[in-house]
Structure formats: C-alpha cells, structure tokens
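Input: a single structure, listed below in structure tokens.
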Amino acid sequence: MAVRVRVPLAALSKNPYINMRKNLILSISALAILALTSCSKLGALSADKFNVTPNPLETLGGEVPATINGMFLEKYMKKKAVVTVTPELRYGNGQVAKGTSATFQGEKVQGNDQTISYLVGGHYTMKTAFAYEPAMQKSDMYLTFQARIGNRKMNVPDVKVAEGVIATSELYKRALMNAGACIAPDSFQRVRAQKQEANVKFLINQANLRQSELKNNSVQEFVSLLKRINADKEGLNIRNVEVQAYASPEGGFAYNDRLANKRQDVSEDYVKKTLQQTKVNTDIDAKYTAQDWDGFQKLVQASNIQDKDVILRVLSMYKDPQEREQQIRNMSAGFRELADGILPELRRSRLIINYETIGRSDEQIKQQYEADASKLSADEILYAATLVENPADKEAIYKRAAEIYPADYRAFNNIAVMEFNKGNMNEAQNYLQSAFRAYNRAPEANANLALMALRDGNIQQATDYISKADGANDLNQVLGNLEIARGNYAQAEQYFKDSNNNSAALANILNKNYAQASVALKYANKDALTDYLQAILNARTGKYAAASDFLREAIQKDPSLADYAAKDLELVNVSK
C-alpha cells in the first residue's frame, strides 16, 4: 500500500532538483495537452479547396443551381468526426436561402454517409439549388458546417465560395410583355375560292339528257348562280366550268369509253348553251372517265350492302377491270344489290362552277367602319384592326367589335392582349373571362392565361393552361417562353425559329447562338428590352463599347433598367 508523505512547500522550493523535475513535468503536460487538442479539433477550411460551377451562379428554370466540388485535406477528418455541409445564398437585407445539405463522416463512424479517410483526405461533389428571387442578383454563396467529434460539437467557420447571380434567363418575363400574347385572328379573305356542283344522271347505256334531270335542284342552282354572276352585284367572279362525265364500271372498256365520251359531249353542249343564255363568258374544262372504279369503291365503302367487305377485297386484289367485274358478278346476290343501289349513281355528269367571292377592299372596310361598323361582319371588323398601327386604335376597334358581336370571343381576347401589353393584368383577366363566357374553350384565351402564369413564374399553371390551348394562333410564342422558363433553351429556339422578337433573341443568347440572336434583334420591334439584349449580346462577344451604347439607349427608354443593370454581372465590364 502506498504511503503518502506530506512535505512543506517551502522545503520543496528550496530543493533545486525537485524544482527541475517540476518544470520538466509541467512542460511535458503542456505538450500533451497541445497534442491532444490538435488531434481533437477541426480547423477552418480554405475557400480555395472548393470549386463552384457555374461561378457566378446563373438562373435556370426559376432556380439558381450549383455544383460544388470540394476536398478534405489529409488528417483533417478525424476518425470519429461527422461534418454536415450546407450551402447558403445570402442576399438582400439579411435574407438567407438554404440549399441541399451533404454529410461526411470519419472512418470510425458507423453511418451511411460518405466516409473520408483521415490519412489521405478525400474529394466530394454535391449539388444544390435555390428558388430564385430578384434580389439574389447581388448575393454571396457560403458553405456552413455543423461538425462534431463523438458527442462534442466543433466550430468550423463559414466559407464564401461564390458571388452574384446572372439572371438573364428571367428576362423572358419582360420579353413576353411585348410580343408574346396571342391575338385571336380574323378569317377575312377578300378573295375566296368557291365551287358549286350540279349532278346529271343517265340511264344505263344511254347518253341523252333527260328533262327531268335538268329540272333537279342541283342543276337549277347551277343556272341560278350563273345568273347571279352575270348580275355582278355580289362580288362574284367566275374562273371556269368543269364538265366531268362517267360510265359505270360494268361492261367492256371500249364500249364504256365511247359511252362516257358521248355523255361528256352532251353535257358540254348543255353548259355552252346555258352560258350563252346567262351571258357568262368563261372557259369550259371537259373530260370523261370510262369506268369509274374510284367512285364505285367510295359508294360501296359508304353502303350497307350484304357482301361489302368481299367486294372491297376483290377491288384490292384484282387490278384488271374485266377480272374485277367477273369476280363481282360471281356474287349473284351482291351484284344485284350493286345493280340496284350503286351502279345507277355512277352513270352521271358533274357540272362544276369554280368561282371567287370578292369582298370589300381595305379602303371600303375603313369607310364602312367609320360610317356604320354594324354593317361589317365580325371578321371584317377584326380585320380592320390590322389596318391600323397604333395600339390604342386597335383596342378601340376590338371594343367596337365586342359591342356588335358579344358572342364572338375573339374581340374580348384581343382587348385582353392590349391590356396585357400595357401591364394591366386585372383588366386583361376580366376581358379573358368575357372571352370564356362567349366560348368556354377559347384557345387563345387559354394561351394568354398561360402567359400570365409565366409572368408570375408559375410554370405548372402555365403548362395546365397550354394543354387547353391547342390550335391557338401564335401558340409557338407561348411554348417558346415556357421552354425558356423551364431552362430548355434549345427547345425554345425551335419554337421561335420563324420569329424575330425579344423572346426569340433571348432564347438564342441563352443557347449561345449569338449569330441568330443578332438577326432576331435586328428585325425585332425595337423597345428598351431589345436594346438591353443587344447590350448583353455585345458584352458576351467582347464588344464593350457597343454594349455601352445599347445600354444607354435601353435606360433612356426605360429608366427602371438602370437599377437592374447596376447588379447585372453580364455587364460588369460595360461602362454604364
């Protein structure tokens, strides 16, 4: 058993040997404590051990994505250490957006996180994304750390790894305000191609025109139209008259050829006499078909005869007319049905008037609008809006159209477009609701609701509206902006391939197709954003003096761009 001996301190202090041993013990203890401390703490991490892509950060699909490649040096990750790395984007007045965390562990930790060797260290990659806010243009990205060794928490200082966000892709919200909304078009055509047809039937093996056939409704309407054309009061212009004569396919080809030719001749003579009587001068295009197998097949296909499928199969299997006829005659019951119901319809002549309706000229439409717009058709009034350049004048015409034709959704939709382009979203919404009351499936109105959703950054809602906008005029403009919003720039370019406007140019710039962007901006309707995009395009291609000139033009047209440009890293080398 050890025996403790108390020695007075005063005595110890007078003993040189004891004092030397005391100093030696204290030194060894200090070194041990220092060694223990260095082995049990995690030090600060250097920013040069992290690489962030892209840097500066860039918006993509309404987010700010980042890929972080980092490394732990050798002997940094203690064997019982656990370190959680969390990216943060700090912006505005103390606002912080937190990204996706990743956790790493030492070799003696029992867990499922990535293990980092104590002796050799290790590399790692982590991906994150932040929901974009406009204030993030001016921001700093930090990595923060939660660390512990065993149960003891360690303090690892935050590390700044990136600075600023390029938000060029978000400019689509400005771009669609000028050129993206969908006008519901008029269908006015000053010259419309028309045709009217009369049918004259013949008895089997005969080619004479029967008076009973010349009095049928189609022939009477044929004559009536020629008289109206001659009167020249309705803007009707005849192009020609076609005569197409036929023989049914039964019987020999040579006989049917002569028969169909005679039917052509008598029909053409009738047309010539009728043109003389109605005093209409036009060309006659006459021809005949000896055996009308095409007409036969169409009538059989549309019929309910007993052997329909068999007959159609014979037509597809046999190309020789005589073989076809023989095979069909072999079906005695089927042939009787053909003889009674199908073949008589093929013994005929078709008399076709090809003509045009000539509508009001542009000047006549303008004059009628001023005199009494109610006498114009809905299409003519909507067309009148295309004859003026001033947006206020267009809107006035659309409003007049809505008054006269309240059941036509197009006028309400187009007023909504005018309000949308002015930034009056509430008014635009109200007019779109009026469009839906007129027609609940109005495609352009759905497309424009999609644009309004995109303006608010609501991509899913925009997608839902677009699904109801099939067939909308200029839908590709909406789809192009949707793909920009989604971050699919190559797809957006495809939708804009026939367009030269700000949205198309933005898609080109984002897809790094600078040559096409230059073309789109050259022919776009110029506004402040056009000049701003020119500034970005020239800055990206190293033409800083030109970029500066365009930027000044943009700010002069829209002073609100000055604050945006001051934070825009695209223009960091451009004189402002």
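This one's a predicted model, so the numbers in the text were calculated from it and none came from an experiment.
Taking a 6.0 Å sphere around NZ of K173, one finds it holds more than 12 heavy atoms contributed by other residues, nucleotides or ligands. Heavy atoms of other residues, nucleotides or ligands lying less than 6.0 angstrom from CG of N281 number 12 at most.
Listed by first and then second residue, the salt bridge (Lys or Arg N to Asp or Glu O under 4.0 Å) pairs that reach into residues 197-218 are E197-R350, K201-E345, R210-E213, sequence neighbours excluded.
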Open item on the list: Working note: L338 + V300, criterion side-chain contact (heavy atoms from CB on, under 4.5 Å); need CA distance, chi angles, decisive distance, verdict.
Closed with: CA-CA 8 Å; L338 292 174; V300 170; 3.9 Å; yes
Open item on the list: Please evaluate residues F420 and N448 with respect to the criterion side-chain contact (heavy atoms from CB on, under 4.5 Å), reporting the C-alpha separation (whole Å), side-chain torsions for both, the decisive distance (0.1 Å), and the verdict.
Closed with: CA-CA 9 Å; F420 177 87; N448 289 325; over 6 Å; no
Task: salt bridge (Lys or Arg N to Asp or Glu O under 4.0 Å) between E553 and K526, intermediate numbers included - done: CA-CA 11 Å; E553 287 288 331; K526 304 295 189 294; over 6 Å; no
Open item on the list: Checking Y439 against D408 for the side-chain contact (heavy atoms from CB on, under 4.5 Å) test, could you report, in this order, the C-alpha distance in whole Å, the side-chain angles of both residues, the deciding distance, and whether it holds?
Closed with: CA-CA 8 Å; Y439 179 44; D408 193 320; over 6 Å; no
TODO: Step by step, work out the side-chain hydrogen bond (donor to acceptor under 3.5 Å, both in side chains) result for D362 and Y383.
DONE: CA-CA 9 Å; D362 291 359; Y383 176 72; 2.7 Å; yes
Task: Candidate pair F296 and I342, rule side-chain contact (heavy atoms from CB on, under 4.5 Å), full reasoning - done: CA-CA 7 Å; F296 178 82; I342 300 295; 3.9 Å; yes
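Smallest separation of non-hydrogen atoms from S361 and R190: CA-NE, 3.3 Å. The two atoms that bring A445 and F436 nearest to each other are CB-CZ, 3.6 Å, heavy atoms only. Contact record, L346 with G295: CD2-C, 3.7 Å, taken as the closest heavy-atom pair. Shown here for E356 and V191, the closest heavy-atom pair between the two residues is CD-CG1, 3.7 Å. Taking all atoms of both residues into account, the shortest heavy-atom contact from L171 to L506 is C-CD2, 3.7 Å. Scanning both residues, A401 and L382, for their nearest heavy atoms gives CB-CD2, 4.3 Å.
In summary, the side chains of N240 and N354 do present a donor paired with an acceptor at a separation below 3.5 Å, with no hydrogens or angles considered. Side-chain N/O atoms of Q264 and S349 include no donor and acceptor closer than 3.5 Å. Using a 3.5 Å distance cut-off with no hydrogens or angles, the side chains of R347 and S248 do pair a donor with an acceptor. One side chain, N481 or S503, offers a donor N or O that lies under 3.5 Å from an acceptor on the other. Side-chain polar atoms of D379 and S187 form a donor-acceptor pair below 3.5 angstrom. One side chain, N511 or E493, offers a donor N or O that lies under 3.5 Å from an acceptor on the other. Counting only N and O atoms by type, the side chains of S316 and R313 include no donor and acceptor under 3.5 Å apart. For the 3.5 Å distance criterion, the side chains of N525 and N501 fail to qualify, holding no donor opposite an acceptor. T59 and E170 are not linked by any side-chain donor-acceptor pair at a separation below 3.5 angstrom, with hydrogens and angles left out of the test. Using modelled atom types and a 3.5 Å distance limit, the side chains of Y369 and E380 yield no donor-acceptor pair. Y288 and D257 form a side-chain donor-acceptor contact under 3.5 Å, judged by distance and modelled atom types alone.
Between D549 and K543 there is no salt bridge, since no side-chain nitrogen of the basic residue lies less than 4.0 Å from a carboxylate oxygen of the acidic one. The pair K366-E370 does not count as a salt bridge, with every side-chain nitrogen at least 4.0 angstrom from each carboxylate oxygen. Residues D531 and K557 are paired through a salt bridge, judged by an N-O separation under 4.0 Å between the basic side chain and the carboxylate.
Residues E250 and L343 meet the side-chain proximity criterion, which asks for heavy atoms closer than 4.5 Å. With contacts defined as side-chain heavy-atom distances shorter than 4.5 Å, the pair F496/I484 qualifies. Looking only at side-chain heavy atoms (C-beta outward), L449 and L432 come within less than 4.5 Å of each other.
Although no hydrogens or angles enter the test, the distance criterion places a donor-acceptor pair under 3.5 Å between the side chain of K394 and the main chain of A385. A donor-acceptor pair under 3.5 Å is formed between the side chain of N458 and the backbone N or O of Q461. Put simply, the side chain of K279 never gets that close to the backbone of Q277: no donor and acceptor are under 3.5 Å apart.
Q460 meets the side-chain hydrogen bond (donor to acceptor under 3.5 Å, both in side chains) test with D464; sequence neighbours excluded.
Judged by a 6.0 Å distance limit and a 45° cone about the ring axis, R348 is positioned over the six-membered ring of Y246.
In this structure, Y564 has its ring center closer than 6.0 angstrom to the ring center of Y532.
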